Amino acid sequence: MNNILWYQSPAENWNEALPIGNGKLGAMIFGGTECERLQLNEETLWSGYYEYSENPELAKHLPEIRQLIFDGNYQKAQELCVQYMVCSGKGSHSTFQDGHYGSYQTAGDLYIFQNGMKSTTNYRRELDLTNGVASCEFGACRREYFVSESCNTIICRITGDIQGISLQYQREDCTVEVQEGLLTATGVQCGGKGLTWAVAIKSVSTQEAFTIYISAATSMFSPENPLEQSKKAVEQAAKIDYDELFKEHCRTFSSYMNRVSFQLGEPNSYSSLPTNERLSHAQEDHTLFPLYFQFGRYLLLSSSRGMLPANLQGIWCKNYIASWNCDYHININTQMNYWPAEVTNLSELCSPFFQYIKFLSQQGAETARDTYAAQGWVAHTITNPWGFTAPGEHPSWGSFMCAGAWCCRHIWEHYLYTKDLAFLKEYYPVLKGACEFFMDFLVREPKTGYLVTCPSNSPENTFIDPNSGKPVAMSAGPTMDNAILYDLFSMTAKSAQILGIDQEFSAKALEIREQLPPFQIGKYGQLMEWLYDFEEAEPGHRHISHLYALHPSDRITLSKTPELAQACKVTLERRLANGGGHTGWSRAWIINFYARLCDGEAAGENLCALLEKSTLPNLFDNHPPFQIDGNFGGTAGIAEMLLQSHEGFVRLLPAIPKSWQEGHFEGLVARGGFVFDVEWKKGQITACQIHSRLGGDIEVLLNGKLMHLSTTAGQSISIVPE
């Protein structure tokens, strides 16, 4: 089935435009007729700059804050956290936007005017997900748009009706120069304290076509002058035959996209509708789900092949001061961006994220030392390309200190999928450093005797203080912290064992792990979010962080911990009954939760809700506003509905709704490096092929029967179900 988004009219606003990108450069294509707009981005074009942000006052006041929490005086403890836990000179969202913290920014807009257009009839605008090519056609005019990876250039080619074409570039705070066939724009961020940047736009006109080449660069990672760098890129691209560039791009892009195919049944009456019209028919249009699934893979491929990981909007941002600065929120959002990477056969796209985690571990050592007087490294809720790792904005949500430790799970997952020992050896110091911080920071809770984080919070959520009756966030040992740290100590100890190093440290990590609080079931039958069974201030809160152990972790499973799995189900039911899932990313996480509970009907219902309530006309996730994590979380959720491998064996079709009666997928990856092709009819698997990349044993649950297989590297096995 064609993986194509298509529309019958130009985009009226940014949320209808179509995204293209190569990880470094991005563009939103509007598809106007007489006036076309390309909104441009470059991954490193950020305002802000590095400035030391730690608050050394916190370490001196930690004993007092901890004692207040242990005494149950949560209100006073939170007041002191507001005073001492936020980094120096910062305490509100506006100061972060206006100060050195900075924001991801647009690289400007290119307008293409086509005066004297003969006809705009038979309009069609589309995005081919397989090839990474956007296009629009009307009358005798055709435009094609793509972003060349080899040339690092956005290319727009206009054929047919090409009379009277002119270009105009717009961006604030820049100097624009125009020479024959070449437009350049340059600027300096933050009054000279920040980056220098440049955009170069070259146009070439022949009788057959009008071709535009666009590139951009900043001083963030390259010693080369950004202007010369961007000019060189467009000049070199213009020297290459267009057809050759186009074919190379399609070949490269499709080599990633074609690794996985997915189809549900046969096309229906809704399948031929324009994409925006299909969203309201998600309940009936099963063919929309594979398109949405592939769109998530497309977005990751288009936004995570550069130096920086995909941010809150991937690589596409129209603003100068974006919502939440379009930065990296590592209390869920950045991690969610990379949930689909391994399972949907895009493992190498995690590389920018891994490099960034290593960078954060280096910057976070300053925060550990100067804010907490601790060893190792720590990173909190918000961060940026400058390595901001301090508690930020407000302690009730910005001080989540297990955010960096959560990032470490992705390091371990990559090893589980690839068994790459060189990778594990390279990143082991990151895991160890995260452990070292918490070995210093954990403190014994006097009533229970457990080792706990304190002060801490369950990301962005609040409970009712039993004494004051007011909502508060700061407490000791919230469930998510305990679950993440159990993972962290386990993963680090196991890594040391695999690498044959650090036996003493490994033993210490496991000893501490066993002193963390266990999971608890509360008075409603729910998994408790805090160490004590507090009443929630917002029972329908968007964050459901305490179910981390169900997903993305693997400590709570149907097969090993059925009572805890049931408590997770109660938690989800309570959240949804009180209005939860109202943001796109939250709804996406709920899909993954229900998939892990093997509840296909609930997973399917929430997938429909994601598409119908939280998806924009161009299929972007709507927080609101646009936030890309919901797209990635949705794609990951569909993958979890089709294949799971976190329990030590592979479940096939563990959570498909009854409406998904027949279909097939190819190329999904299980931990251990096993690639699956599966076909099913009437809800039963009729064909299954396994390709073993690395060799080894595997257990597969297929149509209710657990099968044990031994494989060699490179071997393919076909299973004929009984």
Side-chain angles (χ1 to χ4, degrees), residues 304 307-310 328-339 341-342 347-372 374-390 400-442 453 481 483-510 512-513 548 552-553:
S304 190
M307 297 295 290
L308 290 173
Y328 301 102
H329 278 40
I330 53 174
N331 66 344
I332 173 64
N333 313 98
T334 305
Q335 289 91 332
M336 185 179 281
N337 285 0
Y338 288 90
W339 284 354
E342 304 286 354
S347 180
E348 60 269 62
L349 300 187
C350 294
S351 180
F353 186 33
F354 295 141
Q355 294 169 20
Y356 186 67
I357 296 170
K358 185 186 291 185
F359 170 66
L360 286 184
S361 73
Q362 296 160 359
Q363 300 297 104
E366 291 186 353
T367 299
R369 181 190 67 224
D370 296 337
T371 299
Y372 296 101
Q375 299 183 76
W377 71 276
V378 64
H380 298 77
T381 305
I382 61 172
T383 185
N384 62 14
W386 319 113
F388 183 92
T389 53
F400 175 59
M401 66 186 61
C402 287
W406 184 352
C407 291
C408 290
R409 174 150 196 102
H410 285 257
I411 295 170
W412 179 244
E413 287 284 358
H414 184 72
Y415 173 75
L416 292 179
Y417 276 92
T418 65
K419 301 299 181 181
D420 187 338
L421 282 173
F423 171 85
L424 190 64
K425 183 176 181 180
E426 178 184 354
Y427 282 89
Y428 175 77
V430 177
L431 302 178
K432 182 177 180 179
C435 286
E436 287 173 329
F437 171 78
F438 288 102
M439 287 175 174
D440 277 358
F441 183 78
L442 289 171
T453 52
D481 284 11
I484 289 175
L485 295 185
Y486 191 99
D487 267 8
L488 177 66
F489 292 131
S490 301
M491 296 182 303
T492 306
K494 185 65 174 178
S495 298
Q497 179 185 345
I498 293 167
L499 295 170
I501 58 175
D502 263 353
Q503 291 184 9
E504 186 176 339
F505 186 84
S506 173
K508 182 180 178 182
L510 294 177
I512 292 174
R513 183 191 73 176
Y548 164 92
S553 185

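Because the structure is predicted, anything quoted here is derived from the model rather than measured.
Shown here are the side-chain contact (heavy atoms from CB on, under 4.5 Å) partners of Leu421, two or more places apart in sequence or in another chain: Tyr415, Ile498, Leu499. When the side-chain contact (heavy atoms from CB on, under 4.5 Å) test is applied to Ser304, the partners found at least two apart in sequence or on another chain are Leu300, Tyr338, Leu349, Pro352. Residues passing the side-chain contact (heavy atoms from CB on, under 4.5 Å) test with Gln362 are Lys358, Phe359, sequence neighbours excluded. For Tyr356, the ring-ring contact (aromatic ring centres under 6.0 Å, His included) test picks out Tyr328, with sequence neighbours left out. Considering only residues two or more places apart in sequence or on other chains, Ala496 meets the side-chain contact (heavy atoms from CB on, under 4.5 Å) condition with Tyr428, Ile501, Asp502, Ser506. Taking Phe505 as the reference, nothing meets the ring-ring contact (aromatic ring centres under 6.0 Å, His included) condition, with sequence neighbours excluded. Annotation: salt bridge (charged side-chain N to carboxylate O under 4.0 Å, His left out) contacts of Lys419 (sequence neighbours excluded): none. Here Gln497 pairs with nothing under the side-chain hydrogen bond (donor to acceptor under 3.5 Å, both in side chains) rule; sequence neighbours left out. Contacts of Lys425 classified as salt bridge (charged side-chain N to carboxylate O under 4.0 Å, His left out), with partners at least two apart in sequence or in another chain: none. His414 is linked by a ring-ring contact (aromatic ring centres under 6.0 Å, His included) to Phe354, Phe423, counting only residues two or more places apart in sequence or in another chain.
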For a quick test of your reading: what N or O donor-acceptor pairs under 3.5 Å do the side chains of residues 402-411 make, sequence neighbours left out?
unit_1: Arg409; atom_1: NE; unit_2: Glu413; atom_2: OE2; d: 3.2
unit_1: Arg409; atom_1: NH1; unit_2: Asp487; atom_2: OD2; d: 2.8
unit_1: Arg409; atom_1: NH2; unit_2: Glu413; atom_2: OE2; d: 2.9

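Atoms CG and CE, from Leu416 and Met491 in turn, are 9.5 Å apart once rounded to the nearest 0.5 Å. The OG1 atom of Thr492 lies 9.5 Å from the CG atom of Leu510; values are rounded to the nearest 0.5 Å. Rounded to the nearest 0.5 angstrom, Trp377 CH2 and Phe438 CZ are separated by 8.5 Å. Here the OG1-CZ distance, from Thr381 to Phe388, works out to 10.0 Å after rounding to the nearest 0.5 Å.
Met336 places none of its side-chain heavy atoms less than 4.5 Å from the side chain of Asn333. Contact annotation: the side chain of Arg513 never approaches that of Leu485 to less than 4.5 Å [non-hydrogen atoms, C-beta and beyond]. With a 4.5 Å cut-off on side-chain heavy atoms, Leu442 and Thr453 count as touching. At least one side-chain heavy atom of Ile512 sits under 4.5 Å from a side-chain heavy atom of Met439.
When all heavy atoms are compared, the tightest approach of Glu342 to Thr418 is OE1-CG2, 4.4 Å. Between Ile330 and Gln335, the shortest heavy-atom contact is O-NE2, 2.7 Å. Closest heavy-atom contact between Val378 and Met401: CG2-O, 3.4 Å. Tyr486 and Ser490 make their closest contact through O-OG, 2.7 Å (heavy atoms, listed as atom of the first residue, atom of the second, distance).
For the residue pair Thr367 / Gln363, no side-chain donor-acceptor distance below 3.5 Å is found, with atom types taken as modelled.
Aromatic ring centroids of Phe437 and His380 lie 6.0 Å or more apart.
Screening residues 347-357 for salt bridge (Lys or Arg N to Asp or Glu O under 4.0 Å), with sequence neighbours left out, gives Arg259-Glu348.
More than 12 heavy atoms of other residues, nucleotides or ligands shown are found within 6.0 angstrom of CD on Glu426.
With hydrogens and angles ignored, the 3.5 Å screen pairs no side-chain donor or acceptor of Asp481 with any backbone N or O of Ile484. Within the 3.5 Å criterion, the main-chain N or O of Leu308 finds no donor-acceptor partner in the side chain of Gln355. Proximity of a side-chain donor or acceptor of Asp440 to a complementary backbone N or O of Gln375 within less than 3.5 Å is detected.
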